[in-house]
Amino acid sequence: MAVDSNYLQMLPDEIFPARERAAWANRLEDGASPGRRLLMLLKHLLPPLVAFIVFIGGWELIAYLVKAPVYLVPKPSDIVAAAVENRHGLWVSVRTTTLEAVLGFFLSIILGVTGAILLASSKWIEKSVYPYAIILQTIPIVAIAPLIVIWFDAGVNAIVIITFLIGFFPMLSNTLIGLNSTDQNMSNLFYLYNANPIQTMWRLRIPAALPYIVAGLKISCTLSVVGAIVGEYIAGIGGGQGGLGYAITYAAARLKTPYLFACGLSASALGIIFFLLVNAFAKWLLSSWHESEMKKDN
């Protein structure tokens with residue numbers, strides 16, 4: 001007898017627990033025909049695609065009818081033409097910003113998670129050090145950027161440090177919250193089995209904090225792109241190897257508004273790609289056991 005996944009979702013938790021219901025929904029979805037999978041994909045993609053077409057078409061039409069100057073409000077076709085015309089320079093800028101953002105992002109992951117583990121290992125250390133991490137987060141990055149340039153020189157080193165500083169606190173804060181949110185009953189169980197602090201941290205607290213770490217990754221990955229562009233504004237180098245921050249400054253100074261839009265949209269696309277990659281990693285890491293990433297049939 002065939003079982004509809006929608007019927008499973010209607011059953012109360014007392015009869016069919018949520019975790020088992022989601023597992024059954026996954027099995028039913030995996031067994032769906034290719035035609036049904038295509039229909040489900042279109043169901044999710046069609047509304048945003050229609051909204052995108054209406055928005056771009058309306059923008060193009062209104063800009064054409066009001067005959068707005070290109071330097072003031074460019075049409076989408078002007079933006080595409082500017083991106084194609086400057087494709088080599090745009091690609092170099094995207095590549096440079098990507099490298100800086102990735103380096104700063106990984107640095108924030110390593111130091112953020114490591115710092116959170118050290119703070120969570122001792123309440124005394126946490127109370128002593130964590131307030132200074134908060135103070136560091138509240139200082140505007142433009143206020144300390146000149147010091148960073150003096151200490152690390154202008155260029156990639158300073159930009160990576162600025163990117164790291166912007167993405168560091170979300171990783172530290174989210175990881176620390178996760179490590180301090182371990183179930184007390186499980187902690188008591190480890191204590192009864194004479195687990196030492198290192199074993200408890202590695203086998204219990206870090207796995208339990210993975211959803212919080214993933215949340216920090218999702219925040220930090222997008223901030224890393226913002227941090228790289230801000231760093232390029234402050235400490236970047238120009239010329240043919242400049243990043244998107246330099247390209248945006250160059251286009252704005254010369255009123256090349258279509259190219260300015262192209263650079264901004266490239267930065268947005270880069271942030272979206274970062275987020276999608278982290279989101280895919282989160283699904284791979286958590287989808288088999290944590291409710292936040294388990295498939296749900298809506």
Side-chain angles (χ1 to χ4, degrees), residues 5 9 18-19 21-30 32 36-52 55 94-117 137 160 163-179 181 205-230 243-244 264-298:
S5 61
Q9 298 298 323
R19 186 182 295 273
R21 181 165 63 242
W24 272 99
N26 292 344
R27 294 177 188 174
L28 291 174
E29 185 175 331
D30 291 340
R36 183 168 179 242
R37 290 183 179 179
L38 179 61
L39 186 62
M40 293 173 62
L41 181 62
L42 290 176
K43 180 181 176 182
H44 286 86
L45 294 181
L46 193 59
L49 182 61
V50 170
F52 176 78
F55 175 75
V94 170
R95 185 180 62 192
T96 301
T97 301
T98 301
L99 175 63
E100 295 160 350
V102 168
L103 291 176
F105 178 47
F106 278 110
L107 193 60
S108 67
I109 294 173
I110 295 171
L111 296 184
V113 173
T114 304
I117 292 174
Q137 177 66 18
V160 170
T163 305
F164 154 72
L165 290 176
I166 291 180
F168 168 73
F169 188 76
M171 288 304 309
L172 177 72
S173 178
N174 281 273
T175 305
L176 184 60
I177 292 173
L179 293 173
S181 301
R205 300 181 70 182
I206 292 178
L210 285 178
Y212 297 87
I213 296 175
V214 166
L217 290 174
K218 291 181 179 180
I219 298 172
S220 184
C221 72
T222 53
L223 288 179
S224 65
V225 178
V226 177
I229 293 176
V230 170
L244 285 173
L265 292 174
S266 298
S268 177
L270 187 59
I272 292 172
I273 292 172
F274 273 35
F275 180 83
L276 292 177
L277 290 174
V278 172
N279 196 52
F281 172 73
K283 289 185 180 297
W284 171 79
L285 186 66
L286 302 177
S287 61
S288 62
W289 63 277
H290 197 266
E291 289 82 357
S292 64
E293 296 295 346
M294 291 177 69
K295 292 182 181 178
K296 295 179 177 64
D297 190 356
N298 295 323

Working to the nearest 0.5 angstrom, can you tell me the gap between [X] [atom1] and [Y] [atom2]?
X	Y	atom1	atom2	answer
Lys218	Leu277	NZ	CG	12.5 Å
Ser224	Leu217	OG	CG	10.5 Å
Ile117	Thr175	CD1	OG1	8.0 Å
Asn279	Cys221	CG	SG	9.0 Å

Checking the side chain of Ser220 only, and the main-chain atoms of Gly216 only, is there a donor and an acceptor separated by less than 3.5 Å? no
Is a donor on one side and an acceptor on the other found under 3.5 Å between the side chain of Ser108 and the backbone of Phe105? yes
Do you know which two heavy atoms are closest between Val225 and Gly271, and how far apart they sit? CG2-CA, 3.9 Å
Non-hydrogen atoms of Ala116 and Leu179 that approach each other most closely: O-CD1, 3.6 Å
Can you tell if the side chain of [X] reaches within under 4.5 Å of the side chain of [Y], non-hydrogen atoms only?
X	Y	answer
Leu107	Leu103	no
Asn174	Ile213	no
Phe274	Val102	yes

Using atom types as modelled, flag every donor-acceptor pair under 3.5 Å from a side chain in residues 163-171 to any protein atom, sequence neighbours excluded.
unit_1	atom_1	unit_2	atom_2	d
Thr163	OG1	Ile159	O	2.8
Thr163	OG1	Ala228	N	3.2

Kindly write out the residues that satisfy side-chain contact (heavy atoms from CB on, under 4.5 Å) with Ile177, not counting sequence neighbours, or none if the list is empty.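 Result, side-chain contact (heavy atoms from CB on, under 4.5 Å) vs Ile177: Ser173, Ser181, Tyr212.
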